[in-house]
J.: 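One structure, as structure tokens, below. Some questions next.
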Number of protein chains: 2
Amino acid sequence: MSSTHGARARARIEVTAAIKEEARRQLANEGAAKLSLRAVARELGMASSAIYRYFPNRDDLLTALIIDAYDSIGEAAEAARDAAADAGPIERWTTVCERLRGWALEHPHEYALIYGTPVPGYTAPATTVPPAARGAMVAIGILRDAHQGLGLARPVLPDELRPEAVRMAATVAPDLPPEVVATMLATWAQLFGLIGFEVFGQFNRVVEDRDIFFRHAVRQLAHTVGLVYPQQGPAAGRAGSAGRPAARPS
Amino acid sequence: MSSTHGARARARIEVTAAIKEEARRQLANEGAAKLSLRAVARELGMASSAIYRYFPNRDDLLTALIIDAYDSIGEAAEAARDAAADAGPIERWTTVCERLRGWALEHPHEYALIYGTPVPGYTAPATTVPPAARGAMVAIGILRDAHQGLGLARPVLPDELRPEAVRMAATVAPDLPPEVVATMLATWAQLFGLIGFEVFGQFNRVVEDRDIFFRHAVRQLAHTVGLVYPQQGPAAGRAGSAGRPAARPS
DNA sequence: ACATGTTCGTGAGCACTGCTCTTGCTTTGG
DNA sequence: CCAAAGCAAGAGCAGTGCTCACGAACATGT
């Protein structure tokens, strides 16, 4: 049916890709708010109305770019996880976090598209959900490994949070303890607070050496989320500075 | 010179206020990207060109709204701090954090204006810096009080972060230990990660009971930033669940 | 091989935007 | 009282998202 049959179908996916590519360029130059379909068409040498054969409206173009961005950052996270496959959970965590930050700094406008101000009146369709979850799934995977390998402390939850934690765990990672999932989600949001502040310039004139600052903050987050150095037979990384069993109050 | 002399000057500041007010209304309805000067003028019953007597261009109107928003959230933080003046540092911290979140949920578009994606090509003028710092100053004040009252643990910093921590402390809070300032800045960014995820809908379909989730996360942040219940003579709040001295590794 | 239905690019056009400039009017200060 | 300065209005320019009717190129069933 809709395979790469004729020259027509082939041309269609080529033009679609060219539009997205040019749109991404404009995104980097002007930002999402000023993304102009007419300008994209002009740069591609086609009539402005021709764009609408490929994307019914501006928001749909944005949706395509959003999905691509989620896939891109998700892929980066997965690659970082795989590159640090032999290291311990804390090293894997920090490696993934630093790669997420690196991606954000390399693609600030695409980062803004997915983690910044949502486009007004635009609600992301359901198709964006799976790509959006890729990054978080990488983090959850690291926690899962640590959980199975005694490298994860189970934080103590207050009773009032327990039902919500159980609910969250059921929809996100049913095989992990609810305490871990709840803490993980909060930590995940906090991580993007750090990244966002840097990308959006909130650290200007305040934090200078942001590499080191971020590295330290992310190690602290690893502790917050419950990652500790394994207690029996340390993993690949140096395990000199041992961690506590660490059950935190309230 | 430029006091409230004639009826003309009075009218000017009245019209300026009316423009900002109407602009804020449009902001809440349509978002910053679709803020239309013509629509503002139309709603105010004046010619579109008349707006430019008061704001030379659209970005300057946005700048005014940004400053107002910073002042508004800063004022909210200060009010929360004063309302909890008699409580202990942890209660003050959580009260301020929950007020910040409350303000953000009440004014999502103004929140997006100051903590979301920056307007492309627009760099905030220096006049926005003092209002922007108001909120963080409230948090620093709480830490200062706790520091003087033995309610603050001094976290252990790795050596590589020390010079940067000293630099940050010098420009932000010279009277506080560098470790505290460094940890505080990271925690501050993480707090806005939590708020941003909620305001921008990243928690949709994942976190249901966000009040409780946020309250727990903020208590955890209080621990991260080093706030503990005072060791000699507990403060006003209940001090039953005592905290550890808590010096954290790496 | 031919006719049919679908897809595509085009250019005109609508309603809207930010912004500029000239033209007159009103208020102000000397 | 009168010149100077501030002000609103309207026309106009260039740009935007988006629609529509039109031929041309393609795909496909008979």
Side-chain angles (χ1 to χ4, degrees), chain A residues 1-20 22-27 29-66 113 118-123, chain B residues 1-20 22-27 29-66 113 119-122:
Chain A
M1 294 293 182
S2 64
S3 61
T4 351
H5 246 87
R8 196 147 214 172
R10 206 186 319 268
R12 179 167 185 86
I13 68 171
E14 259 179 32
V15 174
T16 305
I19 291 175
K20 289 204 290 186
E22 176 60 32
R24 242 184 306 266
R25 276 188 47 203
Q26 289 203 16
L27 210 70
N29 288 343
E30 308 279 359
K34 301 200 172 177
L35 207 185
S36 157
L37 293 188
R38 282 182 119 108
V40 169
R42 197 184 312 129
E43 214 71 19
L44 261 52
M46 55 168 67
S48 66
S49 51
I51 297 275
Y52 293 86
R53 298 283 175 195
Y54 297 88
F55 296 95
N57 53 39
R58 209 190 85 124
D59 281 3
D60 276 4
L61 212 198
L62 276 178
T63 299
L65 295 178
I66 286 172
L113 207 55
V119 180
Y122 167 88
T123 45
Chain B
M1 291 293 187
S2 63
S3 59
T4 352
H5 248 88
R8 193 150 219 172
R10 206 187 320 268
R12 179 172 185 83
I13 66 171
E14 257 179 35
V15 174
T16 304
I19 291 176
K20 288 203 290 187
E22 175 61 31
R24 239 185 309 267
R25 275 187 46 202
Q26 289 203 15
L27 209 70
N29 289 342
E30 307 278 358
K34 301 201 172 177
L35 207 184
S36 158
L37 293 188
R38 284 182 118 108
V40 170
R42 197 183 311 130
E43 214 69 21
L44 260 54
M46 55 168 68
S48 66
S49 53
I51 297 274
Y52 293 87
R53 295 278 170 194
Y54 298 88
F55 296 97
N57 53 42
R58 209 189 84 126
D59 281 3
D60 276 4
L61 211 196
L62 276 178
T63 299
L65 295 179
I66 286 173
L113 211 54
V119 180
Y122 167 88

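In what follows, chains carry the letters A, B, and so on, assigned in the order in which the sequence lines appear, proteins first and then strands, with residues in each chain numbered from 1. Everything quoted here is computed from the prediction, not taken from an experiment.
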J.: Identify all side-chain donor-acceptor contacts of residues 36-53 of chain B below 3.5 Å with residues at least two apart in sequence or on another chain.
T.:
| unit_1 | atom_1 | unit_2 | atom_2 | d |
| --- | --- | --- | --- | --- |
| B:Ser36 | OG | B:Arg38 | N | 3.3 |
| B:Ser36 | OG | B:Ala39 | N | 3.0 |

J.: Report yes if at least one side-chain N or O of A:Ser48 is closer than 4.0 Å to OP1 or OP2 of C:dG11; otherwise report no.
T.: no
J.: Heavy atoms from C-beta onward define the side chain here; which of D:dA9, C:dC19, C:dT17 lies closest to that of B:Met46?
T.: D:dA9
J.: As a test of reading the structure: which of C:dG9, C:dG18, D:dC18 is closest to the side chain of A:Tyr54, going by heavy atoms?
T.: C:dG9
J.: Within the structure shown, what part of the strands sits under 4.0 Å from A:Leu35 by heavy-atom distance: base, sugar-phosphate, or nothing?
T.: sugar-phosphate
J.: Could you go through nucleotides 5-7 of chain C and list every protein N or O atom that sits under 3.5 Å from one of its N or O atoms, giving the distance for each pair?
T.:
| unit_1 | atom_1 | unit_2 | atom_2 | d |
| --- | --- | --- | --- | --- |
| C:dT7 | O2 | A:Arg8 | NH2 | 2.5 |

J.: Given side chains that start at C-beta, do those of B:Thr16 and B:Ile19 come closer than 4.5 Å, heavy atoms only?
T.: no
J.: Once you round it to whole Å, what is the distance between C1' of D:dA8 and CD1 of B:Ile19?
T.: 12 Å
J.: Please give me the minimum heavy-atom distance between B:Leu35 and B:Arg58, naming the atom from each residue.
T.: O-NH1, 2.7 Å
J.: OP1, OP2 of D:dA8 versus side-chain N and O of B:Ser49: anything below 4.0 Å?
T.: no
J.: Atom CZ of B:Arg10 to atom C1' of C:dT28: distance rounded to whole Å?
T.: 14 Å
J.: Let me know, please, whether A:Ala50 or A:Arg38 comes out on the 5' side of the other along DNA chain C by nearest nucleotide.
T.: A:Ala50
J.: Applying salt bridge (Lys or Arg N to Asp or Glu O under 4.0 Å), name anything that partners B:Arg24, two or more places apart in sequence or on another chain.
T.: B:Asp68
